[in-house]
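Side-chain atoms are counted along with the backbone in the values below, which use heavy atoms only and exclude waters and symmetry mates. Only a predicted model underlies this, so the values are computations on that prediction, with no experimental measurement involved.
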Amino acid sequence: TAVFLDPSEGLSHINACCQRISPKAMVAVRLLQLAKPFVSGLRRIPILFSPPEGEASPLCVADFPVGDDPALITFTSGSTGQPKAAVRTHRFLMAQYEALASAIRLEAGERDLTTLPVFVLANLASGVTSILPDAKISHPGFINAKRVASQIRRLSPNRTGGSPAFYQRLNSVPGSLISFKKIYTGGAPVFPSLLKTLKSASPGTAVVPVYGSTEAEPIAHIDTSEIQDEDWHRMDTGAGLLVGFPVPQIQVLILPDQWGGPMSNFSPQSPGKPGEILVTGDHVLKGYLDGVGDETTKVQIENEVWHRTGDAGSWDEQGRLWLLGRCSARISDSHGTIYPFTVECAASKFVSRSALISHQQRRLLLVESKSQISEANLKDLSAAVAWARIDHIRVIPKIPVDARHNAKVNYPALTKLIEKL
C-alpha cells in the first residue's frame with residue numbers, strides 16, 4: 001500500500017499522518033531525508049529508500065485481478081481538524097481512472113504538463129506522457145512562471161491540468177499558454193474572470209473547469225465554450241458558479257442543507273433551490289481509514305453509502321450543477337441565507353480575490369489590496385452586488401487561502417484575521 005503525503009501542508013502535517021498510520025518504509029527526496037531526524041513520525045520508519053537523482057526506476061507491468069485490497073492512502077488537509085486518511089483500493093482506482101479518462105479526454109501520445117498526482121496516475125494508464133513542472137508545485141500560486149514557460153517551449157506539452165492559482169501565475173508570461181490544446185483546472189473555484197482570461201490567452205484551447213474532491217474526483221465539468229451568454233450573466237448576478245453536468249459514473253443529490261449535524265431530511269431539492277451536495281458511485285470514497293471521519297461525511301440512503309461533500313449547490317433547468325460555496329461558510333441573518341460563491345463569483349468581474357463573511361452580525365465583503373481597486377471600481381462593485389445586501393466592503397492586504405492549491409479562501413483563518421485588524 002502506497003501512502004502519499006502532501007508536502008505543501010508542512011512537517012507537522014507529515015508528522016500527524018505518520019502517527020495516524022505506521023509506515024514500514026519511506027521513499028523520499030533528499031530534503032525530506034534531512035528532516036527525518038527532527039520529525040518524530042519519520043524517525044520511527046525503519047527503512048529509507050533514496051533513489052539516485054536522475055535515474056529512472058524499472059517498471060514491471062503484470063496482469064492481475066483488480067481487488068479490494070488497499071492500493072493508495074492519501075490524507076485530507078486537516079484544515080478543520082486532524083487529517084483524515086482516504087484509502088483507495090485497486091478496484092476504486094480503476095473506477096476513478098475510467099471516470100477521469102473520459103471526463104478529461106485522455107488520448108495516448110499526448111504530453112501533459114500536470115501538477116495533480118491523480119492525473120499522473122491516469123496518464124500512466126492511458127499512454128500519456130506526464131511532464132512535471134520545473135517548479136515547487138507544493139505552492140502553485142508562487143511558482144517561477146518564467147522557468148515553467150521555458151520548460152513549455154522546450155518540451156511542447158499539448159495539454160495541462162492544475163490549480164487556478166498555477167495558471168494565474170503562468171499567464172503572467174505572455175504566450176505561455178498558447179501551445180495547449182486542453183487546459184483542465186480545479187481543486188478550487190474557477191471563477192468567470194479566470195476562465196475568460198485563459199480563453200483570451202489561448203483562443204483555440206478547450207478550457208475545462210473540473211469539480212471534484214479528495215473523496216470524489218471527478219464530479220462534474222464543463223467546457224468553457226459551452227457556457228452561454230445567459231450563463232455568464234447569471235454567474236455575474238448571484239446564481240453561483242456553473243460547473244456543468246455530473247459525469248456519467250456518479251450520482252448526485254442536492255438535499256436541504258443540514259451541514260454540521262445528522263441528516264434527517266432526504267427530500268431532493270427542486271431546480272434553483274440551494275442545498276447540500278451528496279455523491280455516490282464506484283469512484284466515491286465510502287469511508288476513511290478505521291472509520292475516523294465517517295460520522296460527519298457519510299450517510300446511508302436506500303442501502304447505498306453517500307458522501308456529504310460539504311459543498312452547497314443547486315440544479316438548473318437543464319440538469320447542470322451550480323456551486324454556491326462551502327456549507328460551513330453560509331450566512332444566515334435577518335436578511336435571509338446567502339452562500340459565499342454567489343457574491344464572490346459576481347465580484348470576480350471587478351477584483352482578483354474576494355471573500356464574503358459575517359462579522360459582528362454584519363455582511364462583510366473583503367477584497368485583496370493587490371487587486372489595485374480604485375474608489376470608482378469599489379462603487380461599481382458595490383452596485384453590482386447590491387442584491388446581496390452587503391453592509392460593508394473592506395480592502396485588506398491579503399486574504400488567506402488553502403496551502404494545497406493556494407486558491408480556496410480559508411474562511412476560519414480569515415475570521416480570525418479580521419478579529420485582529
Minimum heavy-atom distance between Val148 and Ala135, given as atom pair plus value: CG2-CB, 3.8 Å
Rounded distance (nearest 0.5 Å) linking atom CG of Leu113 with atom OG1 of Thr129: 12.0 Å
Shortest non-hydrogen separation from Tyr339 to Cys327 and the atoms involved: CE2-CA, 4.3 Å
Residue Asn144 excluded, over 12 heavy atoms near CG under 6.0 Å: yes
Pairwise side-chain contact, Leu195 with Trp232, heavy-atom cut-off 4.5 Å (strictly under): yes
Over all atoms of both residues, closest heavy-atom pair of Val305 and Thr280: O-OG1, 2.8 Å
Donor-acceptor contact present, side-chain Gln151 to main-chain Leu132, <3.5 Å: yes
Asp68 atom CG, neighbour heavy-atom count above 12 within 6.0 Å: yes
Between CD1 on residue Ile222 and CG on residue Leu242, distance to nearest 0.5 Å: 4.0 Å
Lys298 vs Arg308, side chain to side chain contact (heavy atoms under 4.5 Å, CB included): CA-CA, chis, key distance, verdict: CA-CA 6 Å; Lys298 311 301 174 188; Arg308 301 175 70 178; over 6 Å; no
CZ-CG distance between Arg330 and Leu324, expressed to the nearest 0.5 angstrom: 12.0 Å
Stepwise side chain to side chain contact (heavy atoms under 4.5 Å, CB included) test for Ile45 and Leu42: CA-CA 5 Å; Ile45 301 177; Leu42 296 179; 4.0 Å; yes
Expected output: side-chain Arg234 to main-chain Ala239 donor-acceptor under 3.5 Å: no
Whether over 12 other heavy atoms sit under 6.0 Å from Lys199 NZ: yes
Exercise: identify the closest heavy-atom pair between Asn15 and Gly41: OD1-N, 2.6 Å
Donor-acceptor under 3.5 Å (His405 side chain, Pro140 main chain): no
Any donor-acceptor N/O pair, Thr415 side chain to Tyr411 backbone, under 3.5 Å: yes
Whether over 12 other heavy atoms sit under 6.0 Å from Met94 CE: no
Stepwise side chain to side chain contact (heavy atoms under 4.5 Å, CB included) test for Ile104 and Val208: CA-CA 8 Å; Ile104 63 176; Val208 182; over 6 Å; no
Pairwise side-chain contact, Asn406 with Phe166, heavy-atom cut-off 4.5 Å (strictly under): no
Residue pair Leu116 / Glu217, side-chain heavy-atom distance below 4.5 Å: no
4.5 Å side-chain heavy-atom contact, Ile178 and Pro203: yes
Side-chain heavy-atom pair Cys345, Pro192 within 4.5 angstrom cut-off: yes
Cation-aromatic face contact Lys286/Phe92, 6.0 Å, 45 degrees: no
side-chain hydrogen bond (donor to acceptor under 3.5 Å, both in side chains) assessment of Tyr167 paired with Thr160: CA-CA 10 Å; Tyr167 296 114; Thr160 179; 2.8 Å; yes
Donor-acceptor side-chain pairing of Tyr184 and Thr114 below 3.5 angstrom: no
Nearest-0.5 Å distance that lies between atom OG in Ser163 and atom CD1 in Ile137: 11.0 Å
Backbone of Arg105 reached by a side-chain donor or acceptor of Arg159 within 3.5 Å: yes
pair Gln19-Arg44: side-chain heavy atoms closer than 4.5 Å: yes
Within 6.0 angstrom of Glu375 CD, more than 12 heavy atoms from elsewhere: no
From Asp112 atom CG to Ile131 atom CD1, the distance as rounded to the nearest 0.5 Å: 8.0 Å
Lys182 with Glu110: basic N within carboxylate O range, under 4.0 Å: yes
Asp402 side-chain N/O to Lys408 backbone N/O, donor-acceptor pair under 3.5 Å: yes
Atom CD of Gln300: over 12 foreign heavy atoms under 6.0 Å: yes
CA sep, side-chain torsions, deciding dist, call: Arg404, Thr214, side chain to side chain contact (heavy atoms under 4.5 Å, CB included): CA-CA 12 Å; Arg404 182 170 293 176; Thr214 298; 3.8 Å; yes
CZ/Phe245: more than 12 non-hydrogen atoms of other groups inside 6.0 Å: yes
Shortest non-hydrogen separation from Ala347 to Ser354 and the atoms involved: CB-OG, 3.5 Å
Nearest-0.5 Å distance that lies between atom OG in Ser193 and atom CD in Gln168: 7.5 Å
Heavy-atom side-chain proximity of Val351 to Asn377 below 4.5 angstrom: no
Under 3.5 Å: donor-acceptor pair, side chain of Arg20, backbone of Leu289: yes
Heavy atoms from other residues, nucleotides or ligands near NZ of Lys36 exceed 12 (cutoff 6.0 Å): yes
Side-chain donor or acceptor of Thr309 paired with backbone N/O of Ile277 under 3.5 Å: yes
Check: Leu170 main-chain N/O paired with Ser176 side-chain donor or acceptor under 3.5 Å: yes
Side-chain (Asn158) to main-chain (Lys181) donor-acceptor, under 3.5 angstrom: no
For Trp387 against Thr342, the heavy-atom pair lying closest together: CH2-O, 3.5 Å
Close side-chain approach of Ile390 and Leu356, heavy atoms under 4.5 Å: yes
